[in-house]
> 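Below is one structure. I have some questions about it.
Only a predicted model underlies this, so the values are computations on that prediction, with no experimental measurement involved.
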Amino acid sequence: MTTIGLAVNRSKPNARVVARELIQLLEQRDAKVLIEDKVAVELGRTDLGVTLAQMAERVKMVFVLGGDGTLLGIARRFASRNVPILGINLGYLGFLSEAEPDSLENAVEKVLDGDYIIEERMMIETEVIRGGRRLEQGVALNDVGIAKGSFSRMITSTIYVDDMYLGTYSGDGVIVSSPTGSTAYSLAAGGPIVSPNVNVLLLTPICPHTLNARSIILSAKDKLHIRVSATHEDIGLTIDGQLGFKLKVDDVIQLQRAPYNTLLVKWKESSFFEVVRKKLQGEREDVPNWR
């Protein structure tokens, strides 16, 4: 029997309605369903309730009901377990999601019939080093940002790649992103869009103080060390824009490819370039043919 987990963003207005429908559709196909404890209580299905940690150990796949932010959080918790994730978009953009609430039956059929593919998305591992001691650790699917506070003066990031000096960037900070994160904060800061099947690290300055500071694409095998300095103490590190750590002057941030990937469920007929076109450029009635 196939076991499917439901990770639900309870703040979304129609999350419980979608969850109920998914439970019904999955059980009609003889699939076993597990949902988070609090959601299970709200739905009156305490027999299905588990913690996220228990879910990660017991499911074949997890359906994430929410937006991109919800999926990022689940990806960080489930990636080391090699659990595939299907995003069901209840948010605004839904760039990482593959299904919509109006196509739940189709999504369930595809999953249970094995009519899908798995995309492996590389992740970024980061550590904060202070005075030679490792203080904080984390993993990101999208990006790691090093930036000044809202009202602070600029910060300086001195960057080394495999212990070789790359350069010094002064401005609002820098972003180190994965290919998945190239369509997020890095894109807003002027970085390029990178196809997710190309394993690279993308370094993008945030509002640099010099005109010649541009994004750099590095090998996924590279290890970065970034030393931060400023005339103030309002410096922070963010992971996927969700987790934050307070930095101090002369802290060193180490970044490299994580030892595991996020596994995203995708339909066979869709493509990254189609998603980019629809989500970022808007749908068009006629799709030109190059032939």
> Can Leu25 be reached from Trp267 by stepping across I, L, V, M, F, W or Y side chains whose heavy atoms are under 4.5 Å apart?
yes
> About how many Å separate CG of Leu104 and CD of Glu21, when rounded to the nearest 0.5 Å?
4.5 Å
> Any donor-acceptor pair under 3.5 Å linking the side chain of Ser178 with the backbone of Leu141?
yes
> Do Phe245 and Ile239 make a side-chain contact, defined as non-hydrogen atoms from C-beta onward lying under 4.5 Å apart?
yes
> What's the shortest heavy-atom distance between Ile155 and Ala230, and which atoms?
CG2-CB, 3.8 Å
> Determine whether Lys221 and Arg257 satisfy the following criterion, side chain to side chain contact (heavy atoms under 4.5 Å, CB included), listing intermediate values before the conclusion.
CA-CA 7 Å; Lys221 298 179 181 179; Arg257 181 177 182 175; over 6 Å; no
> At what distance, to the nearest 0.5 angstrom, does OG of Ser229 lie from CG of Leu247?
12.0 Å
> Do Thr238 and Tyr185 have side chains that get closer than 4.5 Å, going by heavy atoms?
no
> Are there more than 12 heavy atoms of other residues, nucleotides or ligands under 6.0 Å from atom CG of Asp47?
yes
> Find the distance between OG1 (Thr126) and CD (Gln137) and round it off to the nearest 0.5 Å.
9.0 Å
> Hey, quick one: are Met154 and Val228 part of the same hydrophobic cluster, counting side-chain heavy atoms closer than 4.5 Å, chains of contacts allowed?
no
> With salt bridge (Lys or Arg N to Asp or Glu O under 4.0 Å) as the test, pick out the partner of Glu98 among Lys268, Lys110, Lys266.
Lys266
> Just to verify, which of Leu52, Thr51, Val41, Leu48 counts as forming a side chain to side chain contact (heavy atoms under 4.5 Å, CB included) with Glu36?
Leu52
> Would you say that more than 12 heavy atoms from the other residues, nucleotides or ligands in this model lie under 6.0 Å from the CZ of Arg153, or not?
no
> For Tyr116, does the OH atom sit with more than 12 other heavy atoms under 6.0 Å from it, leaving out its own atoms?
yes
> May I ask you to check whether over 12 heavy atoms, not counting those of His232, lie within 6.0 Å of atom NE2?
yes
> For Thr180, run the side chain to side chain contact (heavy atoms under 4.5 Å, CB included) check against Val194, Asn142, Asp240, Leu264 and tell me which one passes.
Asn142
> Just to verify, which of Val200, Thr183, Leu202 counts as forming a side chain to side chain contact (heavy atoms under 4.5 Å, CB included) with Ser177?
Leu202
> Only one of Ile175, Asp222, Val161, Val174 clears side chain to side chain contact (heavy atoms under 4.5 Å, CB included) with Leu203; which?
Val174
> A side-chain contact here means heavy atoms from C-beta on lying under 4.5 Å apart; do Glu109 and Arg29 qualify?
yes
> Inspect the surroundings of CZ in Phe151 and state if more than 12 heavy atoms from other residues, nucleotides or ligands are less than 6.0 Å away.
no
> Please check: side-chain N/O of Arg227 versus main-chain N/O of Asp250, any donor-acceptor pairing under 3.5 Å?
yes
> With a 4.5 Å heavy-atom cut-off, do Leu243 and Arg76 have their side chains touching?
yes
> For a quick test of reading the model, state the closest non-hydrogen atom pair linking Val8 to Ala15 and the distance between them.
CG1-CB, 3.6 Å
> Between atom CD1 of Ile146 and atom CG of Asp251, what is the distance when rounded to the nearest 0.5 Å?
10.0 Å
> Quick check: do Leu90 and Pro101 have side-chain heavy atoms less than 4.5 Å from each other?
yes
> Among Leu86, Ile88, Leu71, which one satisfies side chain to side chain contact (heavy atoms under 4.5 Å, CB included) with Val64?
Leu71
> Using atom types as modelled and distance alone, determine if a side-chain donor or acceptor of Gln254 lies under 3.5 Å from a backbone N or O of Ile129.
no
> Around atom CD of Glu27, are there more than 12 heavy atoms of other residues, nucleotides or ligands at under 6.0 Å?
yes
> Do you know the tightest heavy-atom contact between Asn261 and Met122?
OD1-CA, 3.4 Å
> Could you go through the side chain to side chain contact (heavy atoms under 4.5 Å, CB included) check for Lys248 and Ile235 one step at a time?
CA-CA 7 Å; Lys248 291 186 176 182; Ile235 315 168; over 6 Å; no
> How close do Ala213 and Pro208 get, counting heavy atoms only, and between which atoms?
CB-CB, 3.5 Å
> Do Val39 and Leu6 have side-chain heavy atoms sitting under 4.5 Å apart?
no
> Under a single-linkage definition using a 4.5 Å side-chain heavy-atom cutoff for Ile, Leu, Val, Met, Phe, Trp and Tyr, are Ile217 and Val144 assigned to the same hydrophobic cluster?
no
> Report yes if the side chains of Ile226 and Val176 come closer than 4.5 Å at any heavy-atom pair, otherwise no.
yes
> List the atom of Asp143, the atom of Gly241, and the distance in Å for their closest heavy-atom pair.
OD1-N, 4.2 Å
> Here's a test for you: under side chain to side chain contact (heavy atoms under 4.5 Å, CB included), which of Leu201, Ile124, Ile253 qualifies with Leu224?
Leu201
> Let's go through Asp234 and Lys246 carefully: what are the C-alpha distance in whole Å and the side-chain angles of both, what is the deciding distance for salt bridge (Lys or Arg N to Asp or Glu O under 4.0 Å) to 0.1 Å, and is it a yes or a no?
CA-CA 8 Å; Asp234 195 7; Lys246 183 77 173 177; 3.6 Å; yes
> Any sub-3.5 Å donor-acceptor pair from Asn89's side-chain atoms to Gly67's backbone N or O?
no
> With side chain to side chain contact (heavy atoms under 4.5 Å, CB included) as the criterion, how do Phe78 and Leu263 come out once you've worked through the C-alpha distance, each side chain's angles and the decisive distance to 0.1 Å?
CA-CA 9 Å; Phe78 279 62; Leu263 308 180; over 6 Å; no
> Minimum heavy-atom separation for Arg10 and Glu42, please, with both atom names.
NH2-OE2, 2.7 Å
> Got a donor-acceptor contact below 3.5 angstrom from the Asp68 side chain to the Phe95 backbone?
yes
> Under a 3.5 Å distance rule, please check whether Ser80 uses its side chain to pair with a backbone N or O of Arg77 as donor and acceptor.
no
> Looking only at atom types and distance, does a side-chain atom of Asn9 sit under 3.5 Å from a main-chain N or O of Ser11, one as donor and one as acceptor?
yes
> Check the hydrophobic clustering (I, L, V, M, F, W, Y; side-chain heavy atoms under 4.5 Å; chains of links allowed) and say if Leu187 and Ile206 are grouped together.
no
> How far does CG of Asn82 sit from CD of Glu120, to the nearest 0.5 angstrom?
8.0 Å
> As an exercise, state the distance from NZ of Lys60 to OG1 of Thr2, rounded to the nearest 0.5 Å.
4.5 Å
> State yes or no: do Leu65 and Val59 share one hydrophobic cluster built from I, L, V, M, F, W and Y residues joined by side-chain heavy-atom distances below 4.5 Å, directly or via other members?
no
> Tell me, with the steps shown, if Leu96 and Leu72 meet side chain to side chain contact (heavy atoms under 4.5 Å, CB included).
CA-CA 9 Å; Leu96 297 175; Leu72 288 171; 3.9 Å; yes
